[in-house]
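See below for the structure under consideration.
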Amino acid sequence: MTRLTLDKIAKSYGTVEALRDIDLAIEPGEFVVFVGPSGCGKSTLLRVIAGLEEITAGDLNFDGTRVNDLTPAQRGIAMVFQSYALYPHMSVYENMAFGLKLAKTARETVREKVEAAAEMLQLSELLDRLPRQLSGGQRQRVAIGRAIVRDPRVFLFDEPLSNLDAALRVQTRIEIAALHERMAETTMIYVTHDQVEAMTLADRIVVLRDGRVEQVGAPMELYDRPANTFVAQFIGSPAMNLAPARPGPDGLTIPGCAPVPLAASGEGLRLGVRPEALRLAEPGEPVFNEGPATLVEKLGETQLVYFEPEGAETPLIAKLPGALPARRGEVFRLAVDPADLRLFGADGKAMEATPLPQPA
Amino acid sequence: MTAMKLLKRAAFWALVAGIVLFSVFPFYYAILTSLETGSGIFTVSYWPDALDLGNYASVMNEGEFPRNFLNSVGVAVAVVIVSLCLAVTAAYALSRVPFRGRGLLLLTVLSVSMFPQIAVLAGLFEMVRYFGLYNTLGSLILSYMIFTLPFTVWVLTTFMRDMPVELEEAAIVDGATPLQIVVKVFLPLLWPALVTTGLLAFIQAWNEFLFALTFVASNDTRTVPVAIALLSGSSGKEVPWGEIMAASVIVTLPLVALVLVFQRRIVAGLTAGGVKG
Ligand SMILES: Nc1ncnc2c1ncn2[C@@H]1O[C@H](COP(=O)(O)OP(=O)(O)O)[C@@H](O)[C@H]1O
Ligand SMILES: [Mg+2]
């Protein structure tokens with residue numbers, strides 16, 4: 001049950017500023033996912049929390065105690081590395097027991113803990129094997145086991161699934177979720193560049209870009225109410241459609257589409273609409289966009305249909321039911337619920353859009 | 001077609017035989033000579049006429065040779081142990097701890113080995129005298145570091161640099177101190193490199209002549225290479241080739257034994273650049 005607070009944390013490597021002004025509070029027992037594009041500083045932030053990187057400025061607190069100058073072991077963290085980093089010359093048992101032995105734990109206790117962890121991770125049969133005699137998934141579990149046996153206050157994962165193949169990745173993702181249930185008391189922080197992993201695992205997601213926090217929130221909160229265009233486009237697949245919007249007497253207009261009844265004012269506005277919010281217009285319903293499909297991608301239960309409205313810089317993508325017999329060149333009439341539209345200001349920040357007052 | 005093949009194969013084996021003969025003959029001739037006595041030595045023959053171990057007996061029983069042999073063992077073992085201890089710790093610092101002037105330091109270490117022994121002899125002699133080590137085995141242990149350390153440090157630094165950083169970080173997270181990381185994580189993975197460099201250091205220390213001749217003056221602190229060179233016959237005028245060869249064969253045996261024992265490790269050390277998880 002450890003509460004983490006990050007207070008104006010900054011990290012630079014010489015002149016490279018990897019992290020700037022990170023303010024964050026992580027609640028006890030929470031599963032927090034750091035997500036962002038490659039190079040945004042996720043790993044650096046995790047390593048700063050772990051104690052593997054020195055903090056350039058700011059305070060890191062565990063339960064209100066400043067831990068900036070403590071070693072990883074003193075902080076009581078455990079970490080699962082991307083490459084697993086198992087000790088190649090030690091058996092599975094020795095790999096898991098290494099930390100406990102260094103801490104001078106009694107032999108019996110070490111055995112009990114390692115065996116319990118092995119039981120939980122289905123490694124009991126493999127305790128005498130060397131890492132090179134294990135499959136990728138088994139190595140991954142040993143790496144997790146090595147972290148579990150130390151009863152960490154904070155459990156850290158750095159892209160633990162990126163070395164696994166697709167099928168194993170889904171399975172391991174579920175196992176990690178189950179692990180979090182079982183270790184409900186332990187605070188967990190997980191780094192990934194994959195927004196699906198972030199959405200499925202997290203209690204709360206921290207979206208990072210260029211060493212800054214863009215938004216913190218529950219997965220659906222980020223999906224429903226992105227704080228800015230970056231988060232809007234990063235969360236969700238395919239990304240949210242964004243187009244420059246002009247206010248007018250009939251509401252907001254984006255190039256090549258009909259105005260939507262939203263009131264807003266200002267320059268450089270942008271309107272966002274998720275592909276899954278676009279649907280085929282019912283007869284009599286106001287049409288948002290009408291035009292020929294320029295590309296159709298069948299995904300099975302859904303399909304992505306691309307449109308190029310006149311004057312638009314990027315294609316408009318609609319996610320439509322897979323059963324629809326859509327073909328390239330076919331003309332579609334799309335409608336959208338104004339409540340599903342998101343408005344962003346010139347600075348990229350989300351703005352409140354109010355419905356246009358209906359003429360009485 | 002088959003004749004051509006046969007010819008090729010014959011040429012290949014002839015070449016192999018030539019190379020083997022070329023590299024083994026001097027050693028074979030030494031063994032041959034060591035088994036002959038008296039005037040038999042001066043008649044050239046390529047097959048042993050008689051198995052006479054008299055030379056071996058006289059080398060082992062007369063004079064200080066057994067003592068010299070033990071001196072050599074002591075010096076070479078000490079040089080290997082001290083070199084490896086210093087080199088492993090230095091290699092950790094040079095490969096893993098970022099500090100200013102690291103590259104320059106590495107180059108300096110290497111450049112030490114560029115000077116010919118004779119160039120540093122006078123300076124080393126002053127140092128040996130200053131430390132009060134003249135005419136002791138300590139002087140040899142100290143001076144041999146000058147050529148064993150540069151390459152042990154370099155080889156081990158290269159090996160350690162290839163160790164995955166995450167391995168070290170995992171150990172740090174597990175609560176290991178730098179010394180524990182070196183001893184419990186790196187050393188077991190460095191075995192092949194340690195054996196290879198250790199053996200090379202041993203051979204160098206074992207065969208060294210110039211320093212051994214200069215820093216040690218009395219018979220009972222001499223090492224084998226010098227002792228052999230100073231072996232003199234009964235009359236003082238004749239060179240005791242038989243005994244010299246017997247002594248040479250004796251000092252070569254430990255090296256042959258070591259190489260055979262560690263054969264596999266050496267090959268692994270020479271080929272494997274790093275460690276895969
Ligand atoms: N040891 C280092 N030295 C210099 N720059 C670094 C170092 N580690 C990371 N960086 C820089 O910090 C930024 C963030 O890196 P990282 O945290 O690894 O990104 P990611 O989000 O992909 O994990 C990158 O621009 C990277 O180049
Ligand atoms: Mg990373």
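Reckoned from all heavy atoms, side chains included, excluding hydrogens, waters and symmetry mates. Per chain, numbering begins at 1; letters A, B, ... match sequence-line order.
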Checklist outcome for this item: Closest heavy-atom pair, A/Leu86 versus B/Leu167, reported as atoms and distance to 0.1 Å, is O-CD1, 3.2 Å
Checklist outcome for this item: Sequence neighbours excluded, the answer for ring pair (Phe, Tyr, Trp, His ring centres under 6.0 Å) partners of B/Tyr92 is none
Next on the checklist: Atom CZ of residue position B/Phe99 - does it have more than 12 heavy atoms of other residues, nucleotides or ligands inside 6.0 Å?
Outcome noted: yes
Item to check | Close side-chain approach of A/Met79 and B/Glu169, heavy atoms under 4.5 Å | outcome: no
Checklist outcome for this item: Among residues 160-173 of chain A, those lying within the under-4.5 Å heavy-atom range of chain B are none
Checklist entry - Looking only at heavy atoms, what is the nearest atom pair of A/Ala85 and B/Ala170, with distance? => result O-CB, 3.8 Å
Next on the checklist: For B/Val185 versus A/His89, what's the shortest heavy-atom pair and its separation?
Outcome noted: O-CE1, 3.5 Å
Next on the checklist: How close do A/Met90 and B/Lys184 get, counting heavy atoms only, and between which atoms?
Outcome noted: CE-O, 3.9 Å
Checklist entry - Taking atom CZ of B/Phe27 as the centre, does the number of heavy atoms from other residues, nucleotides or ligands within less than 6.0 Å exceed 12? => result yes
Checklist entry - Does CZ belonging to A/Arg107 count more than 12 external heavy atoms closer than 6.0 Å? => result no
Checklist entry - If you count the non-hydrogen atoms of other residues, nucleotides and ligands that lie under 6.0 Å from CD in A/Gln133, is the total more than 12? => result yes
Next on the checklist: Give me the atom names and distance for the closest heavy-atom approach of B/Ala176 to A/Phe98.
Outcome noted: CB-CE2, 4.5 Å
Next on the checklist: Which residues pass the side-chain hydrogen bond (donor to acceptor under 3.5 Å, both in side chains) test with A/Tyr84, not counting sequence neighbours?
Outcome noted: none
Checklist entry - Is any residue of residues 64-75 of chain A within less than 4.5 Å of chain B by heavy atoms, and which ones? => result A/Pro72, A/Ala73
Item to check | OH (A/Tyr13) with more than 12 external heavy atoms under 6.0 Å | outcome: yes
Item to check | A/Ile77 versus chain B, the contacting section by heavy-atom distance below 4.5 Å | outcome: both
